[in-house]
Amino acid sequence: MNIQTLLNQRIQAAMVASGAADDAPALVRQSAKVQFGDYQANGIMGAAKKIGTNPRDFAAKVLEQLDLSDVADKVEIAGPGFINIFLKNVWLGSTLESLRDSDRLDVATVTDPQTVVVDYSGPNLAKEMHVGHLRSTVIGDAVVRTLEFLGHNVVRQNHVGDWGTQFGMLLAYMERLREQNSEVSMALSDLETFYREAKICFDEDEAFSVRARELVVSLQSGDAECLKLWNEFIEVSLQHCEETYQMLGVSLSRADVKPESAYNDDLPKVIADLDAQGLIKEDQGAKCVFLEEFANKDGDITPIIVQKTGGGFLYATTDLAALRYRQGTLNADRVLYFVDARQSLHFQQIFTLSRKANFVKPETSLEHMPFGTVMGSDGKPFKTRSGGVAKLSALLEEAQERAFQLVASKNPDMPEDEQRNIGRVVGVASVKYADLSKNRTSDYVFNWDNMLSFEGNTAPYLLYAYSRVASIVRRSEMDVANFKAPISVVEEQERALAVKLCQFEEAIQQVINDGMPHFLCAYLYELAGIFMSFYEACPILNAEDDVKFSRLQLALNTASTLKQGLELLGIETLERM
RNA sequence: GCGCCUGUAGCUCAGUUGGAUAGAGCAUCCCCCUUCUAAGGGGAUGGUCGGGGGUUCGAAUCCCUCCAGGCGUGCCA
C-alpha cells in the first residue's frame, strides 16, 4: 500500500478536471504537523498560478471534483491553498488487515522490472579491507536488497582491484619467502603486515625492486608461473574479503566478483574503438580523449587519459570496458556506482565518453552514488589508536566485544553464549546502522558510544523495540502465524502507529529512487519510537479481548515491519535482548 | 587558477527536491516502574539554517557574491 501514490493520483485527476494542466503535480506529502492531517497536497498553489486563478478558489473547485470519502473523513483547504487530508480510522484498520495478510507487507512489486547493475564494495586485493570500504559495501548492499525486494533484476558487481604494479611487489615478496623456505600461507594470513614488509623490501632493496618490476611485466604478458603465484595471492585475499562479508552479513558472493583483470583483453579493443570513432588524440605521448564538456572558460580541456605513454592502461580504460560489458552483455537499464565522492570527476568523464562512443544506450541511466568519508572524533579520516588504517575485521570484532560487555553488564544472569550472540548481532548492527542512517553524501564521525547507545537513532534502539514486541507475542501465548482478528484504531497512539505502519512502502521507494538507505532508517526509527509510546499508553495483554486482539495485531505488524526493514538494511533481529 | 562537495541547537545528525511555527538524539533541568523488558516513556531549555544580496504568495532548499573547511584537477585507483 502506497498512500502517497494513491492520493497523488486522485488529487491530480481532480486538479486536471478542474482546469489544471495535464502535468500539474499534486505534490502530496506526509503532513508536516498533526493539525495539518496525515497528508497534504502542495501542488494547488503552483497550478492555480499557472492558470491565473486564486489558489483557494481553485482548491475549492478541486475539492468538488475530489471524492476521498472511502479513505478520508476530512479533507480541508488550509493556509494559502494547501489541501489537508485526514485519513479514516476504519480505513486504516482494514488497510492494516490486508498488510497483515500479505507475505510482503502489502508492498507492490514493480510492474516494469529493470536490470540494475550495482557496482559496490570493490576492495583492493593487495590489502585487507579497511574502514574505507565500509560505506560502499554496506550502503550498496542495502540498496541491492531493496531493489530486489521490489522485484528488479539486480546484478551485483564486485569490481575488485586485482591488477596493477603493486602486485609485482607482492609477488616478489612471495617468491622471496619461498626461497627462504618460509611459510607463505602463514605470512598471507595477515595481508596488512605482508604488504608492509613487501613495501619495505621494495623501498630498501634494489635487487628486490628490480625483480618486482620484472614480475609486473611477466604478469601482464601472461607468464604461466607468474600467473600461478598471482592466483594464489588473489585466492587468499578473496577469502579474507569473504570472511569480512560473512561477519558483516553482506550478500556478496564469489559469483559477484568481476575483477579488474577480467577486462584486460578488452582494453586494447576499447582504445581501437575510440580511435575508430576519431575520439583519440595523442598528447605528450599518451592517448587522450578531449571532450568539450570538460573545458574551462579559456577553452582548456581536462583530458581523459586512456592509455599511458609506453602503452599501459588506466582505470578510466577499465571502467569504460566494464561499462561496455554491463550494457552489452548484462543489458543494464540502470548502473549504480557506490564509490567514494572523490571520484566524481572520473565518473562524469567516463559516463560522458561512453555515451559519446555509444558504449551505452541513450536511455540507460548511469548514476554515481557518491559518499563521504568516515571521520574520527578529531574530524580527520578515521584511524586506529596507533594511527594506522583501521582493518574492517578488527573494527567489527571490537564492536562485538563492546556490545558483549554492555549486554553482560545489563543482563548478568543471561547465559554467556546468549550474551555473546547478542553482542555479535548488536555489535555488527551498530556499525552498519551508524553508517546507513546518515545521509550518504556527507562525511560522518565514527563514535562507538553514539552507535552503541540505546538512545536515539541507533541499531540497539531498534533491536530493543523489536525484542519488546517479540516478548509480548511470547507472553500472549497465541498462535500468531494464524492469528487474525479485526483491527480497530481508536486511541491516539494506536492511530499514529497505524498510519506509520501504512507508510513502509513510501520509505523503501525513497531508498531506491536516490540510493539512500537513511530514509528507511529514519522511517524505522520513527516507527520504533511511535511503538514505544503506544506500548506505554496502550496495555495489550491486560486489555479486554477485542481490544487486546486488535492491539496485538498492531504489535505484530510492527514486528514484521521492523524485521523486514532491518532485513533490507542487512541487519539481523533478536527475539530477546 | 579552475571544478565538485560541505557549512543547520554546545555535540552527533535529519529536513520527503520551493511549502505552513526548521526537527530528532546526546548533554542540562523537571516528571513516570504494585501494569506486557525503565536498555523505556512524558515534558522543559536551547536556532541570525556560515555572512550579505536577489528570484516570489512562500527559501535551510533555487540564482549571485563573499567567508571557512574538505576533495579533485594529463599519464595511481
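Each chain gets a letter, A, B and so on, in the order the sequences are listed, and its residues count up from 1.
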* Asked: Which heavy atom of Cys538(A) sits nearest a heavy atom of Gln493(A), and at what distance?
  -> SG-CB, 4.1 Å

* When you measure from the side chain of Gln510(A), which nucleotide among rU16(B), rU21(B), rA39(B) comes out closest? -> rU16(B)

* To do: Using the P atom as the reference point in each nucleotide, state the distance between rG15(B) and rA20(B) in Å, no decimals.
  => 15 Å

* Structure fact -> Atom CG of Asp38(A) and atom P of rA20(B) are separated, to the nearest Å, by 17 Å

* Check: Phe549(A) ring centre within less than 6.0 Å of Phe483(A) ring centre -> yes

* Structure fact -> In Watson-Crick or G-U wobble terms, with both distances under 3.5 Å, the base opposite rA20(B) is none

* Asked: Taking only residues two or more places apart in sequence or in another chain, which ones pass side chain to side chain contact (heavy atoms under 4.5 Å, CB included) with Lys308(A)?
  -> Leu314(A)

* Tell me which of Arg576(A) and Gln30(A) sits closer to the 5' end of RNA chain B, going by the nucleotide each one is nearest to. => Gln30(A)

* To do: Scan Asn439(A) against the nucleic acid and name what it touches under 4.0 Å (heavy atoms): base, sugar-phosphate only, or nothing.
  => sugar-phosphate

* Quick one, give me the B/S/- string for nucleotides 69-77 of chain B, reading 5' to 3', where B means a protein heavy atom under 4.0 Å from the base and S means that only happens at the primed atoms, P, OP1 or OP2. => --SSSBBSB

* Asked: Under the side chain to side chain donor-acceptor pair (under 3.5 Å) test, which residues partner Tyr535(A), sequence neighbours left out?
  -> none

* Specify the separation, in whole Å, of atom CZ of Phe454(A) and atom P of rG41(B). => 12 Å

* To do: Starting at CG of Asp162(A), measure out to CZ of Phe233(A) and round the result to the nearest 0.5 Å.
  => 10.5 Å

* Spacing of Asn542(A) atom CG relative to rC36(B) atom C1', expressed in whole Å -> 7 Å

* For Cys538(A), answer base if it contacts any base atom (sugar-phosphate contacts may also be present), sugar-phosphate if it contacts only those atoms, and nothing otherwise; contact means non-hydrogen atoms under 4.0 Å. => base

* For Ala78(A), answer base if it contacts any base atom (sugar-phosphate contacts may also be present), sugar-phosphate if it contacts only those atoms, and nothing otherwise; contact means non-hydrogen atoms under 4.0 Å. => base

* Compare the minimum distances between each of rC36(B), rU37(B), rA20(B) and the side chain of Leu541(A), then state the nucleotide with the smallest one. => rC36(B)

* Asked: With sequence neighbours left out, what residues match Arg475(A) under salt bridge (charged side-chain N to carboxylate O under 4.0 Å, His left out)?
  -> none

* Less than 5.5 Å between centroids and less than 30° between ring planes, does Phe82(A) satisfy that with rA20(B)? -> yes

* With heavy atoms under 4.0 Å as the rule, sort Asn513(A) into base, sugar-phosphate or nothing. => nothing

* **Span that lies between the C1' atom of rA27(B) and that of rG72(B), in whole angstrom** => 38 Å

* Structure fact -> Between CD of Gln419(A) and P of rA39(B) the distance, given in whole Å, is 15 Å

* To do: For residues Gln509(A) and Ile512(A), determine if any side-chain heavy atom of one lies less than 4.5 Å from a side-chain heavy atom of the other.
  => yes

* In whole angstrom, give the distance that lies between atom OH of Tyr39(A) and atom P of rU16(B). => 16 Å

* Base-pairing mate for rU28(B) - Watson-Crick or G-U, with both contacts under 3.5 Å -> rA44(B)

* Does the side-chain ring of Phe36(A) sit on the six-membered ring of the rA20(B) base, less than 5.5 Å centre to centre and under 30° in tilt? -> yes

* **Value in whole Å for how far the P atom of rA39(B) lies from OH of Tyr535(A)** => 11 Å

* Starting at the 5' end of nucleotides 60-68 of chain B, put B wherever the base has a protein heavy atom under 4.0 Å, S where only the sugar-phosphate does, and a dash everywhere else. => ---------

* Asked: When we call it a touch if two heavy atoms are under 4.0 Å apart, what does Pro539(A) touch: a base, just sugar-phosphate, or nothing?
  -> base

* Do Phe446(A) and Phe382(A) have their ring centres less than 6.0 Å from each other? -> yes

* Answer yes or no: is there a side-chain heavy-atom contact under 4.5 Å between Glu506(A) and Thr5(A)? => no

* Which one, rC36(B), rG19(B), rA39(B), comes nearest to the side chain of Met45(A)? -> rG19(B)

* Which residues pass the side chain to side chain donor-acceptor pair (under 3.5 Å) test with Asn84(A), sequence neighbours left out? -> none

* Length of the CG-P vector between Asn447(A) and rC13(B), whole Å -> 9 Å

* With a 4.0 Å cut-off on heavy atoms, is Ser471(A) in touch with a base, just the backbone sugar-phosphate, or nothing at all? -> base

* C1'-based separation of rG53(B) from rG46(B) [nearest Å] -> 30 Å

